[in-house]
Amino acid sequence: MNAFEVNFDGIVGPTHNYAGLSYGNVASMRNRRAASNPREAALQGLAKMKFFAALGLKQAVLPPHERPHIASLRKRGYTGSDAEILAKVAKDEPALLAAVSSASAMWAANAATVSPSADTLDGKVHFTPANLASNFHRSIESETTARLLRGIFAEERYFAHHPPLPADLPDEGAANHTRLCHAYGGPGIELFACGSSDHSPTTFPARQSFAASNAIAQSHRVRDSRFVMQNPPAIDAGAFHNDVVAVGNRSLLLYHQLAWLNAKGTIAALRKSLPELRAIEVKDCDVPLADAISSYLFNSQLVTLPDGSDALIAPVESRENPRVGTAIDSFGIATHFVDVRQSMRNGGGPACLRLRVVLTETELAAARQSVMWSEALYKKLVAWVERHYRDHLGADDLADPRLLDESRTALDALTKILRLGSVYDFQT
Ligand code: SUG
(Lines give C-alpha, C1' and ligand atoms only; values in the text may rest on other atoms or scores of the structure.)
Protein backbone atom coordinates (compact mmCIF):
# COMPACT_ATOMS: atom_id res chain seq x y z
CA MET A 1 0.00 0.00 0.00
CA ASN A 2 1.27 3.45 -0.88
CA ALA A 3 2.29 5.29 2.29
CA PHE A 4 3.78 8.67 3.16
CA GLU A 5 5.59 10.29 5.97
CA VAL A 6 3.58 13.30 7.11
CA ASN A 7 5.43 15.85 9.21
CA PHE A 8 3.21 17.38 11.89
CA ASP A 9 4.99 20.53 13.05
CA GLY A 10 4.14 22.23 16.31
CA ILE A 11 3.20 25.88 15.78
CA VAL A 12 5.25 28.00 18.19
CA GLY A 13 2.98 29.50 20.83
CA PRO A 14 2.60 33.22 21.73
CA THR A 15 4.50 32.82 25.03
CA HIS A 16 7.73 31.44 23.53
CA ASN A 17 10.44 32.48 25.97
CA TYR A 18 13.81 31.51 27.40
CA ALA A 19 13.45 30.40 31.00
CA GLY A 20 16.35 27.96 31.30
CA LEU A 21 13.98 25.21 32.33
CA SER A 22 15.74 22.15 30.93
CA TYR A 23 18.64 20.85 32.96
CA GLY A 24 20.95 18.98 30.58
CA ASN A 25 19.84 20.97 27.53
CA VAL A 26 22.82 23.28 27.10
CA ALA A 27 21.10 25.82 24.84
CA SER A 28 18.17 26.19 27.23
CA MET A 29 20.53 26.62 30.18
CA ARG A 30 22.76 29.12 28.37
CA ASN A 31 19.95 31.37 27.13
CA ARG A 32 18.09 31.58 30.41
CA ARG A 33 16.42 35.00 30.75
CA ALA A 34 17.43 36.17 27.26
CA ALA A 35 14.66 38.10 25.51
CA SER A 36 12.68 36.10 22.95
CA ASN A 37 10.72 37.03 19.86
CA PRO A 38 7.60 34.82 19.70
CA ARG A 39 6.46 36.34 16.41
CA GLU A 40 9.75 35.60 14.70
CA ALA A 41 9.80 32.10 16.22
CA ALA A 42 6.36 31.25 14.87
CA LEU A 43 7.14 32.71 11.44
CA GLN A 44 10.40 30.75 11.25
CA GLY A 45 8.47 27.56 11.98
CA LEU A 46 5.86 28.36 9.33
CA ALA A 47 8.59 29.17 6.79
CA LYS A 48 10.15 25.76 7.43
CA MET A 49 6.79 24.06 6.83
CA LYS A 50 6.27 26.06 3.64
CA PHE A 51 9.71 24.98 2.44
CA PHE A 52 8.86 21.33 3.13
CA ALA A 53 5.58 21.52 1.30
CA ALA A 54 7.38 23.13 -1.66
CA LEU A 55 9.73 20.12 -1.79
CA GLY A 56 6.64 17.98 -2.38
CA LEU A 57 6.56 16.56 1.16
CA LYS A 58 3.40 16.06 3.19
CA GLN A 59 3.07 18.63 5.93
CA ALA A 60 0.55 19.30 8.68
CA VAL A 61 0.34 21.41 11.84
CA LEU A 62 -0.29 20.88 15.53
CA PRO A 63 -1.59 23.88 17.48
CA PRO A 64 0.24 25.38 20.47
CA HIS A 65 -1.02 24.67 23.97
CA GLU A 66 -2.72 27.10 26.30
CA ARG A 67 -0.08 29.05 28.23
CA PRO A 68 0.26 30.31 30.90
CA HIS A 69 -1.61 27.19 31.98
CA ILE A 70 -3.82 28.43 34.78
CA ALA A 71 -5.41 24.96 35.16
CA SER A 72 -2.01 23.60 36.28
CA LEU A 73 -1.78 26.35 38.89
CA ARG A 74 -5.25 25.60 40.19
CA LYS A 75 -4.20 21.95 40.55
CA ARG A 76 -1.37 23.21 42.73
CA GLY A 77 -3.70 25.02 45.09
CA TYR A 78 -3.97 28.48 43.57
CA THR A 79 -7.44 29.98 43.81
CA GLY A 80 -9.22 33.16 42.73
CA SER A 81 -9.69 34.74 39.33
CA ASP A 82 -7.17 33.97 36.59
CA ALA A 83 -5.63 37.46 36.98
CA GLU A 84 -5.36 37.00 40.76
CA ILE A 85 -3.68 33.64 40.33
CA LEU A 86 -1.23 35.11 37.86
CA ALA A 87 -0.32 37.96 40.22
CA LYS A 88 0.13 35.59 43.16
CA VAL A 89 2.28 33.02 41.36
CA ALA A 90 4.44 35.78 39.84
CA LYS A 91 5.15 37.07 43.33
CA ASP A 92 5.49 33.77 45.24
CA GLU A 93 6.81 31.27 42.68
CA PRO A 94 8.20 32.95 39.55
CA ALA A 95 9.90 29.69 38.51
CA LEU A 96 6.51 27.98 38.51
CA LEU A 97 5.04 30.78 36.41
CA ALA A 98 7.87 30.32 33.89
CA ALA A 99 7.19 26.58 33.79
CA VAL A 100 3.46 26.97 33.10
CA SER A 101 4.22 29.63 30.48
CA SER A 102 6.64 27.61 28.36
CA ALA A 103 5.75 27.18 24.69
CA SER A 104 7.58 23.85 24.74
CA ALA A 105 4.75 21.99 23.00
CA MET A 106 6.26 23.39 19.78
CA TRP A 107 8.76 20.49 19.94
CA ALA A 108 6.36 17.97 18.49
CA ALA A 109 9.06 15.29 18.25
CA ASN A 110 8.34 14.91 21.95
CA ALA A 111 4.57 14.86 21.58
CA ALA A 112 4.17 11.12 21.13
CA THR A 113 5.56 7.85 19.82
CA VAL A 114 3.80 6.73 16.67
CA SER A 115 3.97 3.23 15.18
CA PRO A 116 2.77 2.99 11.57
CA SER A 117 0.20 0.34 10.69
CA ALA A 118 2.73 -1.64 8.64
CA ASP A 119 4.71 -2.30 11.84
CA THR A 120 1.93 -3.39 14.17
CA LEU A 121 0.27 -6.76 14.64
CA ASP A 122 -3.27 -5.37 14.45
CA GLY A 123 -2.56 -3.21 11.39
CA LYS A 124 -3.51 0.04 13.15
CA VAL A 125 -1.47 3.20 13.62
CA HIS A 126 -0.67 3.39 17.33
CA PHE A 127 -0.11 6.60 19.32
CA THR A 128 1.21 7.08 22.86
CA PRO A 129 1.49 10.71 23.98
CA ALA A 130 4.77 11.19 25.84
CA ASN A 131 4.43 11.79 29.58
CA LEU A 132 7.54 14.05 29.51
CA ALA A 133 7.86 13.27 33.19
CA SER A 134 11.50 14.42 33.45
CA ASN A 135 10.56 18.11 33.39
CA PHE A 136 7.49 19.63 35.03
CA HIS A 137 7.06 22.29 32.33
CA ARG A 138 6.87 19.54 29.71
CA SER A 139 4.83 17.05 31.72
CA ILE A 140 1.82 19.37 31.52
CA GLU A 141 1.72 18.90 27.73
CA SER A 142 0.55 15.30 27.62
CA GLU A 143 -3.15 15.83 28.40
CA THR A 144 -3.66 18.39 25.64
CA THR A 145 -1.49 16.40 23.22
CA ALA A 146 -3.63 13.31 23.85
CA ARG A 147 -6.80 15.31 23.19
CA LEU A 148 -5.39 16.79 19.97
CA LEU A 149 -4.16 13.46 18.59
CA ARG A 150 -7.46 11.75 19.33
CA GLY A 151 -9.23 14.60 17.53
CA ILE A 152 -7.00 14.51 14.45
CA PHE A 153 -6.83 10.72 14.20
CA ALA A 154 -10.35 9.92 15.32
CA GLU A 155 -11.29 6.99 13.10
CA GLU A 156 -11.09 3.90 15.34
CA ARG A 157 -10.85 1.56 12.39
CA TYR A 158 -7.37 2.87 11.64
CA PHE A 159 -6.01 4.54 14.76
CA ALA A 160 -5.32 3.22 18.28
CA HIS A 161 -4.64 5.69 21.11
CA HIS A 162 -2.91 4.74 24.35
CA PRO A 163 -2.79 6.89 27.47
CA PRO A 164 0.54 8.48 28.42
CA LEU A 165 2.65 6.10 30.54
CA PRO A 166 2.73 6.53 34.32
CA ALA A 167 5.25 9.12 35.48
CA ASP A 168 7.63 6.52 36.92
CA LEU A 169 8.33 5.42 33.33
CA PRO A 170 9.79 8.64 31.89
CA ASP A 171 9.05 8.89 28.18
CA GLU A 172 10.06 11.63 25.71
CA GLY A 173 8.26 10.38 22.63
CA ALA A 174 9.54 10.16 19.07
CA ALA A 175 12.77 12.04 19.83
CA ASN A 176 14.09 8.66 21.00
CA HIS A 177 12.39 6.53 18.35
CA THR A 178 13.67 5.85 14.83
CA ARG A 179 11.89 3.79 12.24
CA LEU A 180 13.95 2.03 9.61
CA CYS A 181 12.39 0.31 6.62
CA HIS A 182 12.73 -0.52 2.97
CA ALA A 183 9.62 1.47 2.01
CA TYR A 184 7.26 3.53 4.21
CA GLY A 185 4.33 1.21 3.44
CA GLY A 186 6.27 -1.98 4.20
CA PRO A 187 7.24 -3.42 7.58
CA GLY A 188 9.68 -1.39 9.62
CA ILE A 189 12.12 -1.87 12.45
CA GLU A 190 11.45 0.45 15.37
CA LEU A 191 14.63 1.43 17.16
CA PHE A 192 14.17 2.86 20.65
CA ALA A 193 17.08 4.73 22.29
CA CYS A 194 16.98 4.97 26.06
CA GLY A 195 19.05 5.52 29.16
CA SER A 196 20.92 2.49 30.43
CA SER A 197 20.22 1.36 33.98
CA ASP A 198 23.77 -0.03 34.26
CA HIS A 199 25.63 3.05 33.05
CA SER A 200 24.33 6.37 34.32
CA PRO A 201 25.49 9.77 33.13
CA THR A 202 27.35 11.67 35.85
CA THR A 203 26.18 15.22 35.16
CA PHE A 204 22.84 15.26 33.40
CA PRO A 205 19.88 12.88 33.63
CA ALA A 206 18.82 10.31 31.02
CA ARG A 207 15.27 11.33 30.19
CA GLN A 208 14.06 8.17 28.47
CA SER A 209 13.79 4.93 30.40
CA PHE A 210 14.09 1.44 28.93
CA ALA A 211 10.91 0.50 30.80
CA ALA A 212 9.00 3.24 28.95
CA SER A 213 10.34 2.30 25.53
CA ASN A 214 9.64 -1.36 26.17
CA ALA A 215 6.10 -0.63 27.37
CA ILE A 216 5.38 1.32 24.19
CA ALA A 217 6.81 -1.36 21.91
CA GLN A 218 4.56 -3.90 23.70
CA SER A 219 1.36 -1.89 23.77
CA HIS A 220 1.79 -0.80 20.14
CA ARG A 221 2.21 -4.48 19.28
CA VAL A 222 5.29 -3.65 17.23
CA ARG A 223 6.47 -6.70 15.31
CA ASP A 224 10.15 -5.76 15.26
CA SER A 225 11.41 -3.47 18.00
CA ARG A 226 15.05 -2.98 18.99
CA PHE A 227 16.61 -1.11 21.85
CA VAL A 228 19.86 0.77 22.00
CA MET A 229 21.31 2.43 25.08
CA GLN A 230 22.31 6.08 24.99
CA ASN A 231 25.97 6.64 25.76
CA PRO A 232 26.28 8.41 29.15
CA PRO A 233 29.12 10.74 27.98
CA ALA A 234 26.86 11.90 25.13
CA ILE A 235 24.08 12.72 27.61
CA ASP A 236 26.63 14.54 29.78
CA ALA A 237 27.73 16.55 26.74
CA GLY A 238 24.12 17.70 26.18
CA ALA A 239 22.47 14.94 24.14
CA PHE A 240 19.34 15.03 26.27
CA HIS A 241 17.40 13.35 23.45
CA ASN A 242 18.61 10.78 20.95
CA ASP A 243 17.69 13.07 18.06
CA VAL A 244 20.57 15.35 19.09
CA VAL A 245 23.07 12.63 18.08
CA ALA A 246 21.28 10.49 15.47
CA VAL A 247 18.68 10.63 12.72
CA GLY A 248 17.30 7.94 10.45
CA ASN A 249 14.86 7.62 7.59
CA ARG A 250 13.95 4.49 5.61
CA SER A 251 17.25 2.61 5.17
CA LEU A 252 19.54 5.56 5.91
CA LEU A 253 20.91 6.11 9.41
CA LEU A 254 23.19 8.95 10.41
CA TYR A 255 24.69 8.78 13.88
CA HIS A 256 27.53 10.12 15.98
CA GLN A 257 30.22 7.66 16.94
CA LEU A 258 29.58 8.31 20.65
CA ALA A 259 25.77 8.30 20.48
CA TRP A 260 25.21 4.78 21.81
CA LEU A 261 26.71 2.00 23.84
CA ASN A 262 27.40 -0.89 21.46
CA ALA A 263 26.62 1.02 18.26
CA LYS A 264 28.50 -1.53 16.13
CA GLY A 265 26.54 -4.52 17.46
CA THR A 266 23.26 -2.63 17.00
CA ILE A 267 24.05 -1.74 13.39
CA ALA A 268 25.16 -5.29 12.60
CA ALA A 269 21.90 -6.69 14.01
CA LEU A 270 19.84 -4.12 12.08
CA ARG A 271 21.64 -5.00 8.87
CA LYS A 272 20.65 -8.65 9.23
CA SER A 273 17.00 -7.61 8.84
CA LEU A 274 17.58 -4.67 6.52
CA PRO A 275 20.54 -5.59 4.30
CA GLU A 276 20.44 -2.32 2.34
CA LEU A 277 20.88 -0.28 5.54
CA ARG A 278 23.29 2.59 4.93
CA ALA A 279 24.67 3.61 8.30
CA ILE A 280 26.84 6.71 8.26
CA GLU A 281 28.92 7.04 11.39
CA VAL A 282 30.29 10.51 12.10
CA LYS A 283 33.56 10.09 13.97
CA ASP A 284 34.28 12.12 17.06
CA CYS A 285 37.64 13.20 15.61
CA ASP A 286 35.79 14.76 12.64
CA VAL A 287 32.87 16.27 14.55
CA PRO A 288 33.45 16.28 18.32
CA LEU A 289 30.31 15.84 20.42
CA ALA A 290 30.44 19.50 21.48
CA ASP A 291 30.27 20.60 17.82
CA ALA A 292 27.52 18.11 17.05
CA ILE A 293 25.49 19.51 19.90
CA SER A 294 26.12 23.21 19.31
CA SER A 295 25.43 22.90 15.57
CA TYR A 296 22.55 20.39 15.92
CA LEU A 297 23.74 18.56 12.81
CA PHE A 298 21.87 15.40 13.83
CA ASN A 299 18.70 17.34 14.51
CA SER A 300 18.34 17.69 10.77
CA GLN A 301 15.32 16.20 9.08
CA LEU A 302 16.24 13.33 6.81
CA VAL A 303 13.53 12.93 4.20
CA THR A 304 12.70 11.10 0.99
CA LEU A 305 11.73 13.44 -1.84
CA PRO A 306 8.97 12.49 -4.29
CA ASP A 307 11.61 11.29 -6.81
CA GLY A 308 12.92 8.81 -4.23
CA SER A 309 16.13 10.68 -3.42
CA ASP A 310 17.26 11.59 0.09
CA ALA A 311 17.50 15.13 1.41
CA LEU A 312 18.79 16.57 4.65
CA ILE A 313 17.13 19.67 6.07
CA ALA A 314 19.67 21.08 8.49
CA PRO A 315 19.70 24.08 10.83
CA VAL A 316 21.71 27.07 9.53
CA GLU A 317 23.97 26.73 12.59
CA SER A 318 25.43 23.54 11.10
CA ARG A 319 26.56 25.47 8.00
CA GLU A 320 28.40 27.91 10.22
CA ASN A 321 30.62 25.25 11.78
CA PRO A 322 33.45 24.33 9.35
CA ARG A 323 33.96 20.82 10.75
CA VAL A 324 30.27 20.09 10.50
CA GLY A 325 30.16 21.60 7.00
CA THR A 326 32.93 19.21 5.88
CA ALA A 327 31.07 16.27 7.38
CA ILE A 328 27.86 17.26 5.57
CA ASP A 329 29.77 17.48 2.26
CA SER A 330 31.05 13.95 2.80
CA PHE A 331 27.54 12.44 3.13
CA GLY A 332 26.68 13.00 -0.53
CA ILE A 333 23.10 13.90 0.44
CA ALA A 334 21.39 17.01 -0.97
CA THR A 335 21.27 19.42 1.98
CA HIS A 336 19.11 22.47 2.58
CA PHE A 337 19.46 24.83 5.51
CA VAL A 338 16.61 26.34 7.49
CA ASP A 339 16.60 29.15 10.02
CA VAL A 340 14.80 28.17 13.22
CA ARG A 341 17.13 30.13 15.49
CA GLN A 342 14.44 31.18 17.94
CA SER A 343 13.69 27.53 18.69
CA MET A 344 17.36 26.52 18.53
CA ARG A 345 18.14 28.86 21.42
CA ASN A 346 16.00 26.60 23.57
CA GLY A 347 17.64 23.45 22.22
CA GLY A 348 15.05 22.67 19.56
CA GLY A 349 16.22 22.20 15.96
CA PRO A 350 14.32 21.36 12.76
CA ALA A 351 13.72 17.72 13.76
CA CYS A 352 12.49 18.65 17.24
CA LEU A 353 9.72 20.74 15.73
CA ARG A 354 7.99 17.87 13.98
CA LEU A 355 6.24 14.60 14.72
CA ARG A 356 6.57 12.10 11.92
CA VAL A 357 3.43 10.11 11.18
CA VAL A 358 3.63 7.49 8.46
CA LEU A 359 0.18 6.98 6.95
CA THR A 360 -1.24 5.03 4.05
CA GLU A 361 -3.39 6.93 1.57
CA THR A 362 -6.52 5.59 3.26
CA GLU A 363 -5.32 6.58 6.75
CA LEU A 364 -4.29 10.01 5.54
CA ALA A 365 -7.75 10.53 4.04
CA ALA A 366 -9.31 9.45 7.37
CA ALA A 367 -7.30 11.99 9.40
CA ARG A 368 -8.64 15.49 10.03
CA GLN A 369 -7.98 17.44 6.85
CA SER A 370 -8.22 20.90 8.38
CA VAL A 371 -4.70 20.60 9.89
CA MET A 372 -3.12 19.57 6.59
CA TRP A 373 -0.88 22.08 4.88
CA SER A 374 -1.98 24.26 2.01
CA GLU A 375 -0.84 27.59 0.67
CA ALA A 376 -4.17 29.05 1.84
CA LEU A 377 -3.60 27.73 5.38
CA TYR A 378 -0.07 29.15 5.36
CA LYS A 379 -1.37 32.60 4.48
CA LYS A 380 -4.01 32.44 7.20
CA LEU A 381 -1.46 31.34 9.79
CA VAL A 382 1.01 34.08 8.88
CA ALA A 383 -1.74 36.71 9.15
CA TRP A 384 -2.83 35.17 12.46
CA VAL A 385 0.72 35.31 13.90
CA GLU A 386 1.22 38.87 12.70
CA ARG A 387 -2.02 39.91 14.31
CA HIS A 388 -1.67 38.20 17.69
CA TYR A 389 2.02 37.70 18.54
CA ARG A 390 4.43 39.99 20.34
CA ASP A 391 7.91 40.53 18.96
CA HIS A 392 9.57 40.78 22.35
CA LEU A 393 9.13 38.81 25.54
CA GLY A 394 11.28 39.12 28.64
CA ALA A 395 11.03 37.12 31.88
CA ASP A 396 8.97 39.86 33.58
CA ASP A 397 6.37 39.88 30.81
CA LEU A 398 5.12 36.45 31.84
CA ALA A 399 3.28 38.05 34.76
CA ASP A 400 1.44 40.45 32.47
CA PRO A 401 -2.30 39.57 32.55
CA ARG A 402 -2.61 41.01 29.05
CA LEU A 403 -0.30 38.26 27.77
CA LEU A 404 -2.73 35.65 29.11
CA ASP A 405 -5.64 37.40 27.36
CA GLU A 406 -3.70 37.83 24.13
CA SER A 407 -2.71 34.16 24.11
CA ARG A 408 -6.25 32.98 24.71
CA THR A 409 -7.63 35.30 22.03
CA ALA A 410 -4.99 33.99 19.63
CA LEU A 411 -5.70 30.32 20.41
CA ASP A 412 -9.44 30.84 20.18
CA ALA A 413 -8.94 32.29 16.70
CA LEU A 414 -6.63 29.42 15.77
CA THR A 415 -9.13 26.73 16.72
CA LYS A 416 -11.50 28.39 14.25
CA ILE A 417 -8.85 28.49 11.49
CA LEU A 418 -8.01 24.82 12.10
CA ARG A 419 -11.64 23.86 12.79
CA LEU A 420 -10.66 21.93 15.90
CA GLY A 421 -13.63 22.65 18.15
CA SER A 422 -12.94 23.38 21.82
CA VAL A 423 -9.61 21.81 22.72
CA TYR A 424 -8.36 24.15 25.42
CA ASP A 425 -9.28 24.28 29.09
CA PHE A 426 -10.26 27.96 28.83
CA GLN A 427 -12.78 27.12 26.11
CA THR A 428 -14.72 24.59 28.19
O1 SUG B 1 12.68 19.47 26.29
N2 SUG B 1 13.55 22.79 25.61
C3 SUG B 1 13.12 21.49 25.11
C4 SUG B 1 13.76 21.21 23.78
C5 SUG B 1 13.20 19.96 23.17
C6 SUG B 1 13.93 19.53 21.96
N7 SUG B 1 13.32 18.41 21.40
C8 SUG B 1 13.96 17.36 20.82
N9 SUG B 1 15.26 17.20 20.94
N10 SUG B 1 13.26 16.48 20.20
C11 SUG B 1 13.47 20.41 26.12
O12 SUG B 1 14.55 20.48 26.72
C13 SUG B 1 13.52 24.71 27.08
C14 SUG B 1 12.50 25.67 27.65
C15 SUG B 1 13.13 26.83 28.37
O16 SUG B 1 14.22 26.70 28.92
O17 SUG B 1 12.49 27.92 28.39
C18 SUG B 1 12.94 23.41 26.61
O19 SUG B 1 11.96 22.95 27.16
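Counting convention: from 1, in listed order, for ligands and their atoms alike.
- A salt bridge links Arg408 and Asp82; the closest N-O separation between the charged side-chain nitrogens and carboxylate oxygens is under 4.0 Å.
- Remark: Glu320 engages Arg341 in a salt bridge, criterion side-chain N to carboxylate O under 4.0 Å.
- The side-chain heavy atoms of Tyr158 and Val125, taken from C-beta on, include no pair separated by under 4.5 Å.
- Ring geometry, His388 versus Trp384: the interplanar angle falls from 30° to 60°, so the pair is classed tilted.
- Considering backbone and side-chain atoms alike, Glu172 places every N or O at 3.5 Å or more from each N or O of ligand 1.
- Any N or O atom pair closer than 3.5 Å counts here, and Ser104 shares no such pair with ligand 1.
- Dense packing is recorded around CZ of Arg74, with more than 12 heavy atoms of other residues, nucleotides or ligands lying under 6.0 Å away.
- Salt-bridge check for Asp243 with Arg354: failed, with every basic side-chain N at 4.0 Å or more from each acidic carboxylate O.
- The proximity of Arg207 to ligand 1, defined as any non-hydrogen pair under 4.0 Å, is limited to the side chain.
- Residue Asp243 touches ligand 1 through its side chain alone, judged by heavy-atom distances below 4.0 Å.
- Contact annotation: the side chain of Phe298 never approaches that of Val244 to less than 4.5 Å [non-hydrogen atoms, C-beta and beyond].
- Which parts of ligand 1 touch Ala109 is read off a 4.0 Å heavy-atom cut-off, strictly below it: atoms 10 (N).
- For ligand 1, the atoms lying closer than 4.0 Å to a non-hydrogen atom of Gly20 are 15 (C), 16 (O), 17 (O).
- Residue pairs satisfying the ring-ring contact (aromatic ring centres under 6.0 Å, His included) criterion with at least one member in residues 206-247, sequence neighbours excluded, are listed as follows: His126-His220, His162-His220, Phe192-Phe227, Phe210-Phe227.
- When non-hydrogen atoms are compared, ligand 1 lies under 4.0 Å from the side chain of Arg138 (C-beta onward) but not from its backbone.
- Remark: ligand 1 atoms within the under-4.0 Å shell around heavy atoms of Ser28 are 13 (C), 15 (C), 16 (O).
- Note on Lys58 versus Glu363: no salt bridge recorded, every NZ/NE/NH1/NH2 to OD/OE distance being 4.0 Å or above.
- Looking at ligand 1, you'll find an N or O of Asn25 within less than 3.5 Å of one of its N or O atoms.
- Counting atoms of ligand 1 from 1 in the listed order, those under 4.0 Å from a heavy atom of Gly347 are 4 (C), 6 (C).
- Of the polar atoms of Leu21, at least one N or O is found under 3.5 Å from an N or O of ligand 1, judged by distance alone.
- If you look at Cys352 next to ligand 1, the close heavy atoms, those under 4.0 Å, come from the backbone and the side chain alike.
- In this structure, the protein non-hydrogen atom closest to atom 13 (C) of ligand 1 is Asn346 OD1, 3.5 Å.
- Looking at Gln208 and Ser213, their side chains do bring a donor and an acceptor atom within 3.5 Å of each other.
- For the salt bridge (charged side-chain N to carboxylate O under 4.0 Å, His left out) condition, the pairs that include at least one residue of residues 158-178, sequence neighbours left out, are Glu172-Arg207.
- Any N or O atom pair closer than 3.5 Å counts here, and Ala19 shares at least one such pair with ligand 1.
- Given atom 11 (C) of ligand 1, the protein heavy atom at minimum distance is Ser22 OG, 3.4 Å.
- The contact set between ligand 1 and Asn17, taken as ligand atoms under 4.0 Å from a residue heavy atom, comprises 17 (O).
- Atoms of ligand 1 found under 4.0 Å from any heavy atom of Ala175 (numbered from 1 in listed order, with element): 10 (N).
- Here His137 has side-chain heavy atoms under 4.0 Å from ligand 1, and that is the only part of it that gets that close.
- Residue Tyr296 has no N or O atom closer than 3.5 Å to an N or O atom of ligand 1.
- By the 6.0 Å contact criterion, CZ on Arg271 is enclosed, its count of non-hydrogen atoms from other residues, nucleotides or ligands being greater than 12.
- Residue contacts with ligand 1, taken as heavy atom pairs separated by less than 4.0 Å, involve Asn110 solely via side-chain atoms from C-beta onward.
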